[in-house]
> 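I am attaching a structure below and will ask some questions about it afterwards.
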Amino acid sequence: MRRLKGIVIITSLLVVCFSLYLFLFNSNPNQTKQIALETSNITVTTDEAITDEEHASENTGPEKEEQDGDVSSDIAGKEEEEVVDGENRKRSTLTEDIEGKVREVVEGVIKLFKKDLQVVAIGDSLTQGVGDETKNGGYVGILNNTFEENNIDINIENYGKRGNRTDQLLKRLEKEEIAESIQHADIVFITIGANDIMKIVKNSFTNLHVELFNEEKIEYLERLTAIFHKINEINPDTKIYLVGFYNPFEGYFGDIEELQMIVNDWNESSKSVTEEFENVNYIPTSDLFSHSDIKLLSDDQFHPNTSGYKLMAKRILENMEEVSVEQEVMTEDAE
C-alpha cells in the first residue's frame, strides 16, 4: 500500500512539473506575437498619418488615457491634476496671445464691413482647424473669436471635415443642414484638394509618376466645377472664396521638387476654374508655407499650427472684396 501511494505521489509531481513546463513554454511565443502585433499597428498608424487623413483615428487617445488612469490614478492623481492645471493655464495664455496678435489685423478691417455677414466655411481639415494647438478652430476660430470679442455681428459656421476630398464634399452639399446654411450665407469659404492628391500618393506610393496626377487632375477639376455649380444652385447671390492649399509633403519630402510642381499645377488649375465664375475668387496660400523661417506646421508636419492659421486668416482678409485692409495694420509684426 505504501509503495502504491509513493508511486501515485511521484506520478502527480511529474504531471505538475510537465504542466508547468508547457505553460511557461507556450506563454513566451504568445507574448512575442503580441509585441510584434503592437509594433505592426504602430507602423500602420504612422503610415496612415503620413499618407491619408481619412483613416486617422481620433478615438484611440481617450481610450488609452482611460486605461492609463486605471493603473496610476491612485499613485499620481494629485500630480496629474497639477500638470493639467498648468497646461490649461498655459493653453489659455497662448490662446489669448494668439488672439491678441490676430485681433490687431482684424481691427484694421472690421470697421469697413458695411453690413452684418453670414459666412459658411466648408471643406477639409484646414477648415476644421486640425493642428491648431490652441484648439481654437484654425483660421475660422481665430476670425470668429475675434469678431465676437469686438462685438461685431459676423457669424461663421464651420463645416470642415478632416480628410474631405472633392467627391465627398460634393455629396455633403446635399445635406439639409449644410444646404440651409449656404442658402443664407453672404460668403462661402472652401478649402479642398489636398486630400485628392494624398489619395494618389497613398494608392500608388511605390509607383508614383507625374502622369497619375495629371490624369486625376482632370476629374478633380470636374468635381470642383460641380461644387461651384451646386453652391450657386443653392444660393446664386453668395460670394465664394476657394482657399488654395500648400504642399502637404514639404515637411517629409521637401527635397522632391516634383511634388511642389504638382501642387503648384493643381492650384493654378483650380484658380482657372474659379475664373469661369463671376462670384468665385481664388485665395493663394502655398507661398505662405514654402521655405518659411518660422515653424508654421503642427507636430504631424502636415497641418498648420496656430502661426500657420494666423497667416491664412490674414491672407483671406487681404483678398476679400467685402473689406478694405489698411496696409500698415497688416504688415505690423506683433511680438
Side-chain angles (χ1 to χ4, degrees), residues 106 109-110 112-130 137-148 152-196 220-245 266-267 269-285 304 309 312-325:
V106 176
V109 297
I110 280 182
L112 300 177
F113 277 102
K114 296 182 179 180
K115 65 173 183 176
D116 298 335
L117 295 175
Q118 293 291 323
V119 181
V120 168
I122 192 169
D124 51 30
S125 57
L126 296 182
T127 295
Q128 184 178 337
V130 175
Y139 82 86
V140 176
I142 291 174
L143 294 179
N144 242 339
N145 289 345
T146 307
F147 290 146
E148 292 174 2
I152 302 298
D153 189 13
I154 298 176
N155 180 46
I156 306 178
E157 296 181 272
N158 193 336
Y159 292 102
K161 186 173 182 180
R162 184 173 190 164
N164 250 198
R165 302 186 305 267
T166 48
D167 58 321
Q168 296 166 324
L169 178 57
L170 193 56
K171 293 179 180 179
R172 292 180 66 210
L173 292 175
E174 301 288 344
K175 293 187 176 182
E176 182 177 352
E177 179 185 6
I178 294 177
E180 185 175 352
S181 294
I182 292 176
Q183 188 176 5
H184 298 93
D186 300 292
I187 297 173
V188 176
F189 293 130
I190 303 175
T191 62
I192 202 70
N195 290 302
D196 292 72
Y220 158 76
L221 294 176
E222 291 177 353
R223 295 190 295 265
L224 184 63
T225 302
I227 288 172
F228 294 150
H229 279 304
K230 183 60 179 179
I231 293 176
N232 282 328
E233 178 184 324
I234 298 173
N235 183 358
D237 298 322
T238 193
K239 181 70 177 182
I240 304 172
Y241 290 95
L242 175 66
V243 181
F245 53 89
W266 279 50
N267 274 324
S269 298
S270 300
K271 180 182 178 182
S272 298
V273 172
T274 64
E275 293 171 349
E276 299 175 6
F277 297 81
E278 292 183 1
N279 65 327
V280 183
N281 283 9
Y282 176 80
I283 301 179
T285 64
Y309 280 120
M312 289 182 63
K314 290 175 62 177
R315 177 61 61 82
I316 289 171
L317 288 173
E318 289 173 332
N319 284 269
M320 290 177 62
E321 293 181 353
E322 293 78 6
V323 300
S324 177
V325 180

> Given 3.5 Å as the limit, does a donor-acceptor pair link the side chain of Asn144 with the main chain of Ile156, or not?
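Judged by distance alone, yes, a pair lies under 3.5 Å.
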> About how many Å separate CD1 of Ile192 and NZ of Lys161, when rounded to the nearest 0.5 Å?
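Here the rounded value is 11.5 Å.
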> Where do Pro304 and Met312 come nearest, in terms of heavy atoms and distance?
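Result for this residue pair: CG-SD, 4.2 Å.
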> Could you measure the distance from the CG atom of Asp186 to the CG atom of Leu117? Nearest 0.5 Å is fine.
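One finds 5.0 Å between CG of Asp186 and CG of Leu117.
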> Would you compute the distance between atom CD of Glu276 and atom CG of Leu221 and round it to the nearest 0.5 angstrom?
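One finds 9.0 Å between CD of Glu276 and CG of Leu221.
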> Mind checking the CG-CD1 spacing from Asn281 to Ile316? Nearest 0.5 Å is all I need.
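Separation between the atoms: 12.5 Å.
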> Does the plane of the ring in Phe189 sit parallel, tilted or perpendicular to the ring in Tyr139? Use 30° and 60° as the thresholds.
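Perpendicular: the ring planes of Phe189 and Tyr139 meet at over 60°.
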> Within the distance-only criterion (no hydrogens, no angle test), does the side chain of Asn267 pair as donor or acceptor with the backbone N or O of Phe245 below 3.5 angstrom?
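Between the backbone of Phe245 and the side chain of Asn267 there is a qualifying donor-acceptor contact (under 3.5 Å).
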> For the pair Asn279 (side chain) and Lys239 (backbone), establish whether a donor and an acceptor sit closer than 3.5 Å, ignoring hydrogens and angles.
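A pair under 3.5 Å: no.
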> Going by atom types alone, do Ser181 and Tyr159 pair a side-chain donor with an acceptor below 3.5 Å?
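Result is yes, a qualifying pair exists.
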> Is the shortest side-chain heavy-atom distance between His184 and Asn235 below 4.5 Å?
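The answer is no, as the side chains (C-beta and beyond) never meet within the 4.5 Å cut-off.
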> Donor-acceptor pair, Thr274 side chain versus Lys271 backbone, under 3.5 Å?
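Present.
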> Checking the side chain of Asn319 only, and the main-chain atoms of Ile283 only, is there a donor and an acceptor separated by less than 3.5 Å?
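Absent.
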> Identify the heavy atoms of Leu169 and Ile190 that sit nearest to each other, and give their distance.
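Answer, listing the atom of Leu169 first, then Ile190: CD2-CG2, 4.1 Å.
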> Between Asn195 and Asn164, does any side-chain donor sit less than 3.5 Å from a side-chain acceptor?
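Side chains of Asn195 and Asn164: no pair found under 3.5 Å.
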> Nearest heavy-atom pair of Ala179 and Ile234: which atoms, and what distance?
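The pair with the smallest heavy-atom distance is O-CG2, 3.3 Å.
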> Heavy atoms, side chains only, cut-off 4.5 Å: are Asp196 and Trp266 in contact?
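Touching, per the 4.5 Å side-chain cut-off.
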> So which heavy atom on Leu143 is nearest to which on Ala313, and how close?
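Of all heavy-atom pairs spanning Leu143 and Ala313, the closest is CD2-CB, 4.1 Å.
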> Can a side-chain donor-acceptor contact be found between Asn158 and Gln128 if the only test is distance below 3.5 angstrom?
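Side-chain D/A pair, Gln128 to Asn158: absent.
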> Quick check: do Tyr241 and Glu321 have side-chain heavy atoms less than 4.5 Å from each other?
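SC-SC contact between Tyr241 and Glu321 confirmed.
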> Could you measure the distance from the CD atom of Gln168 to the NZ atom of Lys171? Nearest 0.5 Å is fine.
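So the CD of Gln168 and the NZ of Lys171 are separated by 7.5 Å.
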> Restricting to side-chain contact (heavy atoms from CB on, under 4.5 Å), what partner residues turn up for His229, sequence neighbours left out?
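For His229 the side-chain contact (heavy atoms from CB on, under 4.5 Å) partners, ignoring immediate neighbours, are Thr225, Phe277.
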> Would you check if Ile240 and Asn232 make a side-chain contact, meaning some heavy-atom pair closer than 4.5 Å?
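In contact.
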> When you compare the side chains of Arg223 and Thr166, does any donor N or O come within less than 3.5 Å of an acceptor on the partner?
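Per modelled atom types, Arg223 and Thr166 side chains form a pair under 3.5 Å.
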> Does the pair Arg172 and Ile122 meet the rule for a side-chain contact (heavy atoms from CB on, under 4.5 Å), with working shown?
CA-CA 10 Å; Arg172 292 180 66 210; Ile122 192 169; 4.2 Å; yes
> Using modelled atom types only, decide if a donor and an acceptor are shared between the side chain of Arg162 and the backbone of Val130 within a distance under 3.5 Å.
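Answer holds: no.
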> Taking atom CD as the centre, does Glu275 end up with more than 12 heavy-atom neighbours from other residues, nucleotides or ligands that are less than 6.0 angstrom away?
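Yes, because the 6.0 Å sphere around CD of Glu275 holds more than 12 heavy atoms from other groups.
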> To the nearest 0.5 Å, what is the distance between CD (Gln183) and CG (Asp237)?
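It is 10.5 Å, given to the nearest 0.5 Å.
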> State whether a side-chain donor-acceptor pair under 3.5 Å links Ser270 with Tyr220.
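Indeed, the side chains of Ser270 and Tyr220 share at least one donor-acceptor pair under 3.5 Å.
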> When you compare the side chain of Val119 with that of Ile154, does any pair of heavy atoms fall below 4.5 Å?
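In contact.
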> Evaluate the side-chain proximity of Leu173 to Ile231: yes if any heavy-atom separation is below 4.5 Å, no if none is.
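When only atoms from C-beta onward are counted, Leu173 and Ile231 do touch, with a gap below 4.5 Å.
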> Grab the two heavy atoms, one from Gly244 and one from Thr285, that are nearest each other, plus how far apart they are.
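Here Gly244 and Thr285 meet closest at O-OG1, 2.6 Å.
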